[in-house]
Structure formats: structure tokens, C-alpha cells
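Structure record follows, encoded as C-alpha cells.
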Protein chains: 2
Amino acid sequence: MPVYDVYAKNCPTRMLLDHIADKWTALVLWKISGGPVRFNQLRRDVEGISTKVLSQTLKRLGRDGLISREVFATVPVTVEYAITPLGQTLSEKIEILAEWAETNIEAVLAAQEHFDKAAGDEMGATAAGAANRRLIQAAGMR
Amino acid sequence: MPVYDVYAKNCPTRMLLDHIADKWTALVLWKISGGPVRFNQLRRDVEGISTKVLSQTLKRLGRDGLISREVFATVPVTVEYAITPLGQTLSEKIEILAEWAETNIEAVLAAQEHFDKAAGDEMGATAAGAANRRLIQAAGMR
DNA sequence: CGGCATCCTTATAGATACTG
DNA sequence: CAGTATCTATAAGGATGCCG
């Protein structure tokens, strides 16, 4: 068994992390983990996703064994996506991330405000210079 | 306190999730959480990242209050990036994700193989099949 | 309804060169 | 060393239309 290292460019774990650390993938998988969902339902629920991107995302998730796809012979046809046991274990980790986001959003927004204010204070108005100052100011964070 | 919903397009939590669910951000933050690191050290450690992307990522992390930046007046100058308490809480969640990846990579690779075999059987050499095969090969570790 | 195909517009990444 | 600036290649994303 090879030694896996997410920092190694060609390591499968790195690629897997790249997959799941995708803005759409996380949202879609998490939504499906809440119970079987149909395509257009997902499209409505995950705001801003296009049919194309949703389709691609579902394919990748299915291919990775994280979700299943069941077709019902209704008219018109109905397709349900459901979480697999493997996918369930991942969605739990993603939920932790989402919870972190909800819990700490205030702190992050406050940091951004502080950061932007500090950058604006000692700055003229050139965009190029702004980028420079911003970095310098980052030192005083926290 | 507003009601946050990561599925809502304009919700701050959704934006935050989009930030941290970035392939480079997660890796960089996690690496920094291991102890203060210098710019070029990060560049070497996180394989495949360019100076430009690393620079952007560090800026964003600093702005979000997740990392700090300290400049030492050595010759040549030395800059150290360190995790903040807030960033530390996030990196712990990211670590959980990374651990999941390492733990379940075998299962995912197996699922992919099964998937591609089934798909290959019925689609021969279509573009979709080719794309799948490409991914699988890319994931192959030496 | 559940998609895929197509076209087209942006982001984003990578490579390279250069500076304090 | 620690970045910035710029240009280019490529991919991601959005809009639309069609079909089983």
C-alpha cells in the first residue's frame, strides 16, 4: 500500500480532496444526504447552480460511489439521487465544515471589516497600492 | 441574528464555504496550521501551487482572519505565516476532511473502477468514456 | 422531467520576467 | 527571499435549445 500524501501533486488523496473541496460538490452532496432528491429539485435548492454544472457534479459523485441514481419509469420519467453509505460518511464531515461556517461567519466578517478598514485608512486610492498595503496590514490581525 | 443558509446564493455563509472549499485554500491553511511557515517553504510544500495563486490564497486567508503575517527585518527579508486561533478551529475541520480522504481513497478508487468498467462495457469509446478513463489514469499512483 | 449538446463569456491557472 | 506584473492557455461557468 502506497504512502498517501495530500500535498503530493499526483497522489490520489490529493485529487480526491480536490474533488470534494469543490464549492458545488459539497453543497450538492450535503443536500442529497438529507434524503433522496430529484434533479430539478436539487437545481432549485442549490441556488445558482446550472443544469450543466449540476449534471457534471452528480456524475462525478456517482462515479466516486458517493451517491446512487435510480430511475422510475413514470411519465415523465423521475430520477432520484440518494446518498450511499460511503457518501454518508463524507457528508457528515462536510456538515461539520458547514457548521463551522455558520458558527464563525460573524468572526470572519468582523475580521474582513477590520482588515479593509485598516487598509483603507493608510491608503491613497490606487488599486495597485491597495493590494500592497493590504498584505502589510495582515500582520496585525487577530 | 439573521438566519444563515449555505444554500442561499448571497448568504455570507455560502460565500465563506465557497472560500474554504477551495482546493488550494484547504491545503495551504492546513499546512500553516502545522506551525509558522515562510512563503517559499509553502510553495515547495504544497506541490503544484504557483507564486501567484499562493499569494492570492494567503491574502484571502489573512483577510478572513484565519492566518497572520509577520515580517522579520533580516537580509533578505523573512516573512512568516502563522495560524490564528480562528484559523486553528477551521484547520481542525479540514484535517477531518483530509483524514476522510486518506481513509476512504481505496473505496473511492474501487467505485471508480467499477463505474468505468460498467460504463465502458456499454459505451465503447465515446467522449464521456474517454474523459472517465483519463481521470482514472490520472489518479493512478506509482 | 431529466438531462445532453452547443455556443459563448468569464475566471482561473500557469509560465515568465522583474523588483524591493 | 518574498512577492508583483503581465500575458496567455485552458477550463469553468452561464444561457439556450432540444429531445427521450
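Order of the sequence lines sets the chain letters (A, B, ...), proteins ahead of strands, with each chain counted from 1.
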Report all interatomic pairs (protein N or O, nucleotide N or O of nucleotides 18-20 of chain C) with separations under 3.5 Å.
none

Just jot down the salt bridge (Lys or Arg N to Asp or Glu O under 4.0 Å) partners of B/Asp18, sequence neighbours excluded, or say none. A/Lys23, B/Arg14
In B/S/- notation (B base, S sugar-phosphate only, - none; protein heavy atoms under 4.0 Å), nucleotides 3-15 of chain C written 5' to 3' is SB-BB-----BBB
Nearest whole angstrom, please: distance from the [atom2] of [N] to the [atom1] of [X].
X	N	atom1	atom2	answer
B/Leu54	D/dA5	CG	C1'	16 Å
A/Phe72	D/dG20	CZ	C1'	19 Å
A/Leu42	C/dC1	CG	P	14 Å
A/Ile32	C/dG2	CD1	P	12 Å

What's the verdict on side-chain contact (heavy atoms from CB on, under 4.5 Å) for B/Leu90 and A/Leu97, showing C-alpha distance, side-chain angles and the deciding distance? CA-CA 8 Å; B/Leu90 174 56; A/Leu97 257 186; 3.7 Å; yes
Categorize B/Arg43 for me: base, sugar-phosphate, or nothing, with a 4.0 angstrom heavy-atom threshold over every strand shown. nothing
If you compare all heavy atoms of A/Thr13 against all heavy atoms of A/Asp5, which two are closest, and at what distance to 0.1 Å? OG1-C, 3.7 Å
Heavy-atom closest contact (B/Glu106 atom, A/Tyr4 atom, distance):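 That would be OE2-OH, 3.1 Å.
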Check: residues 75-83 of chain A side-chain donor-acceptor pairs under 3.5 Å, at least two apart:
unit_1	atom_1	unit_2	atom_2	d
A/Thr78	OG1	A/Thr74	OG1	2.7
A/Tyr81	OH	A/Arg69	NE	3.3

Divergence of helical axes at both termini of the helix from C/dC1-D/dG20 to C/dG20-D/dC1 - five pairs an end, 10° steps: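 Answer rounded to 10°: the end axes differ by 50°.
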Flag for B/Asp116-B/Gln112: side-chain donor and acceptor within less than 3.5 Å: no
With clusters defined by side-chain heavy atoms of hydrophobic residues (ILVMFWY) lying less than 4.5 Å apart, directly or transitively, does B/Ile96 cluster with A/Leu17? no
Does a side-chain N or O of A/Arg38 approach OP1 or OP2 of C/dC1 to a distance below 4.0 Å, or not?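 Result: no.
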Donor-acceptor contacts under 3.5 Å from residues 24-38 of chain A side chains, at least two apart:
unit_1	atom_1	unit_2	atom_2	d
A/Thr25	OG1	A/Asp22	OD2	2.8
A/Thr25	OG1	A/Arg60	NH1	3.2
A/Ser33	OG	A/Trp30	O	2.6

